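Written below as structure tokens is the structure these notes are about.
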Amino acid sequence: MNFPATPELFARRDIRPDEFGQPESLLRIYAWMQLARTGDNRILDLFRQGLIRGTVTGGQGNEALIVPLALLADKSVDVISFSHRGFGGHIVWSGHLGDHLCQYFANSGSPTKAREGNIHHGDPVNRSLPMISHLGIMLSNVIGSTDSQRRLGRPAVGFAFFGDGSSSTGDVHESLNLAALLSMPVIFVIENNAYAYSTPVSEQFVSPNLYERAKGYGIEGFALDCSDPAHVLQTLAATIADVRANPRPVLIEAHTYRLRGHAAYDTCDYMKPGEAEAILAKDPLPKFRAALVAAGQATRLEAIDAAIGGFVEATIKAALALPPIRPDEMAADLFAPSTAPLPWLPSVGMNARPDAPPEPMSMAQALNHGLRKILRERPESVVLGQDIGTYGGAFKVTEGLVEDFGRPRVFSTPLCESASTGYALGLAVNGHRAIEEFQFADFATEATTQIVLNAATYHFRAGQKCPVVFRFPCGGGLTFGSFHSQELESAYLSFPGLKALYPSNPQDAFNALLAAYEDDNPVILFEHKGLYRHGKHPVKWDPQYRQVWEPVQLRSGDYATLVTYGEMVRLSGEACAYLAEEYEMTFDLFDLRALAPLMLDQIKASLARTGRLVVVHEGRRTHGFGAELVARLTEEHFAQMKAAPLRIAALDLPVPFAPELEAVYRPSRDKIVDAITAWMG
Ligand SMILES: Cc1ncc(C[n+]2csc(CCOP(=O)(O)OP(=O)(O)O)c2C)c(N)n1
Ligand SMILES: [Mg+2]
């Protein structure tokens with residue numbers, strides 16, 4: 001891109017302890033602060049001119065914190081996720097001003113390909129994790145990537161920022177606890193600028209000192225006055241060095257300033273008269289400059305200011321000259337592209353020879369074998385979830401894994417679905433691959449933001465692969481009630497960016513786990529609890545394991561095409577057998593296996609022949625997965641359809657508890673038969 005060369009002034013993006021207090025290093029800090037301020041101010045102007053859209057949340061008043069910190073961090077190993085006040089940090093961490101401006105202009109030079117606005121970019125290749133809007137969410141991602149770095153033997157420190165307002169979110173609590181538990185070297189920095197949007201701290205929490213919360217997590221915490229960058233530098237340098245050498249989390253409550261209100265559109269009417277002016281009067285930057293002038297640096301400062309002014313204007317001009325973004329690649333970028341299969345050994349179990357006869361096993365055992373195979377053959381793999389260690393998981397799918405592979409690789413997490421998931425994402429974007437077990441799929445709702453907004457959008461907005469397998473023990477029929485029995489596929493898959501497999505037998509479950517694991521995208525693996533121990537079936541090494549991404553035809557017939565998945569495969573098969581026997585009506589029966597992406601060609605071909613469609617699923621009917629299937633399968637062949645499609649699904653109710661009620665709620669073999677015979681007329 002044709003940006004002006006970065007002035008020599010910004011050749012150094014670091015600062016060494018032996019330089020502290022030296023005139024050159026102070027001028028370097030000043031230069032980066034002034035560059036951040038000038039950039040932020042110009043972004044505000046350009047927003048007001050209508051050249052920038054969205055929300056512009058400036059970092060004016062944050063520079064005395066963010067610039068020393070970014071200069072001190074070891075950008076070759078450390079992990080960071082800046083907040084929406086972190087513009088100064090972004091330009092130090094990732095260099096080129098032009099890229100950052102293009103993010104705001106949302107043009108063809110945008111690092112997010114203009115799919116995200118404001119400061120929602122990062123530099124994932126260099127471990128600067130792009131924030132999503134949802135505050136608090138990124139903390140656990142930093143823990144995961146820092147852990148990943150440490151597992152790779154790199155002496156990383158993580159830096160996670162959040163505001164006084166964000167400190168009230170549940171994710172902050174979950175993450176601080178998780179980091180403390182793992183003794184993870186992450187420095188959590190609260191940017192306390194005294195306001196969350198229009199809400200002053202007095203209306204946010206009772207305790208005046210947020211850093212004191214550290215004590216409750218068994219970690220250290222302290223307040224940091226960010227009015228003088230030289231003081232911030234000294235303090236942070238000592239903390240960073242200490243945390244790097246003696247890994248543990250630290251909570252810093254940095255008192256910063258919000259000089260320009262919440263965002264570009266904020267008129268600050270909610271403030272008391274004179275309050276905004278009083279905050280402006282505390283601006284650390286002119287104070288720092290005045291101290292440098294007093295130290296005889298006036299001429300150098302004038303030259304620095306002039307160089308920055310020219311550089312920023314020239315870079316803005318170059319950025320504005322770039323063409324707008326084109327929509328061409330947008331759809332193709334939703335998922336990370338497919339890669340070659342991993343070099344799996346051709347065996348299921350540890351000692352099995354390739355020619356050994358397939359061993360009969362339950363679905364739970366097949367998944368256990370799959371997890372063992374992955375842990376044994378793939379050093380980057382990590383298995384996590386609640387009670388998955390010694391206890392072996394609520395359904396014993398992870399039995400014996402911690403004994404054989406040890407705690408760092410098999411991690412029984414505390415009860416914190418969102419932070420555990422964010423931690424898994426952090427591992428994933430740094431090269432590890434996590435398989436996360438949710439105790440019951442229902443509890444994944446606690447991690448919805450991490451799954452559907454963070455993991456699922458990662459590749460689209462940041463070009464970064466995020467390979468995590470989310471294991472969802474789902475489904476009903478076991479008298480577990482409404483919070484332990486749900487089918488969540490239509491809810492989760494209405495968000496773009498997730499893949500999903502739903503095996504109906506042990507062999508498919510084994511294959512699906514391998515296929516999901518090696519995919520470079522987040523994959524939900526739906527595991528019906530009723531199938532975990534529903535008989536034993538032979539499971540063998542299947543070199544065609546990736547075919548699980550396609551539907552499989554289980555029966556052939558000519559009356560209608562029946563599409564289903566999960567436990568309903570068995571019930572639908574029994575219904576088809578009954579209908580063939582009693583009514584001599586035969587069906588093409590398909591087990592869908594992959595719910596996303598949908599591969600429907602074979603089924604469409606069947607439908608073109610039969611002209612009748614039945615869809616059976618266990619989830620609720622309204623907004624259920626069947627609605628999407630019916631629409632996709634019939635929209636092309638509508639004119640050839642001989643009958644209206646039939647959807648057989650659960651009632652539109654919470655999953656009821658008592659067996660008598662649940663039997664009415666969910667489809668059964670007899671209900672499938674009844675619905676089809678009524679439909680047949
Ligand atoms: C979970 C969540 N809720 C609401 C918002 C909308 N929002 C954006 S910024 C903001 C205030 C944040 O305050 P604070 O954490 O103190 O950061 P500051 O903007 O003051 O730097 C709010 C409520 C959000 N982004 N995320
Ligand atoms: Mg705030």
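Every number for a ligand or one of its atoms is a count from 1 in the order of the listing. All residue numbers in this chain count up from 1 along the given sequence. Computed from a predicted model, the values in this text were never measured in an experiment.
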Next item on the list: Measure from the Mg ion (ligand 2) to every N/O/S atom of Asp164 and report the name of the nearest one.
Entry: OD1
Note to self: Would the distance check show the side chain of Asp78 and the main-chain N or O of Ala73 forming a donor-acceptor pair, the cut-off being under 3.5 Å?
What the structure shows: no
Margin query: With no hydrogens and no angle check, just 3.5 Å: does a side-chain donor-acceptor pair link Asn430 and Ser148?
Written below: yes
Notebook entry, point to check: Under 3.5 Å, is there a donor-acceptor pair linking the side chains of Asp147 and Tyr423?
Noted result: yes
Checklist line | Residue selection (non-hydrogen contact nearest atom 9 (S) of ligand 1) among Gln204, His262, Glu191 | finding: His262
Note to self: When you compare ligand 1 with Arg258, is there at least one nitrogen or oxygen pair between them that comes in under 3.5 angstrom?
What the structure shows: no
Next item on the list: Would you kindly say whether Glu253 and Asn209 are connected by a side-chain donor-acceptor distance under 3.5 Å?
Entry: no
Notebook entry, point to check: Does the side chain of Ser128 pick up a donor-acceptor pair with the side chain of Asn126 at under 3.5 Å?
Noted result: no
Note to self: Using a plain distance cutoff, I'd like to know if Phe162 has any nitrogen or oxygen under 3.5 Å from a nitrogen or oxygen of ligand 1.
What the structure shows: no
Check: For Thr169, is at least one N or O under 3.5 Å away from an N or O on ligand 1?
Finding: no
Check: Can you tell me the protein heavy atom closest to atom 5 (C) of ligand 1 and the distance?
Finding: Leu135 CD1, 4.4 Å
Note to self: Please list, in number order, the atoms of ligand 1 under 4.0 Å from a heavy atom of Asp164.
What the structure shows: 15 (O), 16 (O)
Checklist line | Protein heavy-atom partner closest to atom 21 (O) of ligand 1 - residue, atom, separation in Å | finding: Arg85 NE, 2.8 Å
Check: Quick check: does Tyr197 have an N/O/S atom under 2.8 Å of the Mg ion (ligand 2)?
Finding: no
Next item on the list: May I ask you to check whether Tyr211 and Asn192 show a side-chain donor-acceptor distance below 3.5 Å?
Entry: no
Next item on the list: Compute the shortest N/O to N/O distance between Tyr195 and ligand 1 and return yes if it is under 3.5 Å, no if not.
Entry: yes
Next item on the list: For Gln386 and Ser420, test the side chains for any donor-to-acceptor distance below 3.5 angstrom and give the result as yes or no.
Entry: no
Check: Any protein heavy atom lying closer than 4.0 Å to atom 24 (C) of ligand 1?
Finding: yes
Margin query: Does the protein place a non-hydrogen atom closer than 4.0 angstrom to atom 15 (O) of ligand 1?
Written below: yes
Note to self: Which residue and atom name correspond to the protein heavy atom nearest atom 18 (P) of ligand 1, and how close is it?
What the structure shows: His84 NE2, 3.4 Å
Next item on the list: Please report which non-hydrogen protein atom sits nearest to atom 11 (C) of ligand 1, along with the residue it belongs to and the distance in Å to one decimal place.
Entry: Tyr197 N, 3.6 Å
Note to self: Please list, in number order, the atoms of ligand 1 under 4.0 Å from a heavy atom of Ser133.
What the structure shows: 24 (C), 25 (N), 26 (N)
Notebook entry, point to check: Quick check: does Asn192 have an N/O/S atom under 2.8 Å of the Mg ion (ligand 2)?
Noted result: no
Notebook entry, point to check: Which of the atoms in ligand 1, numbered in the order shown and given with their element, are less than 4.0 Å from a heavy-atom of Asn193?
Noted result: 18 (P), 20 (O), 21 (O)
Check: Which ligand 1 atoms does Ser166 reach within 4.0 Å, using its non-hydrogen atoms?
Finding: 14 (P), 15 (O)
Checklist line | Pair Ser140, Glu174: side-chain N/O donor-acceptor within cut-off below 3.5 Å | finding: no
Check: Within 45° of the axis and under 6.0 Å from the centre of the six-membered ring of Tyr458, does NZ or CZ of Arg461 qualify?
Finding: yes
Check: With no hydrogens and no angle check, do the side chains of Asn118 and Thr55 hold a donor and an acceptor under 3.5 Å apart?
Finding: no
Notebook entry, point to check: Only one of Asn454, Thr146, Thr421 clears side chain to side chain donor-acceptor pair (under 3.5 Å) with Asn141; which?
Noted result: Asn454
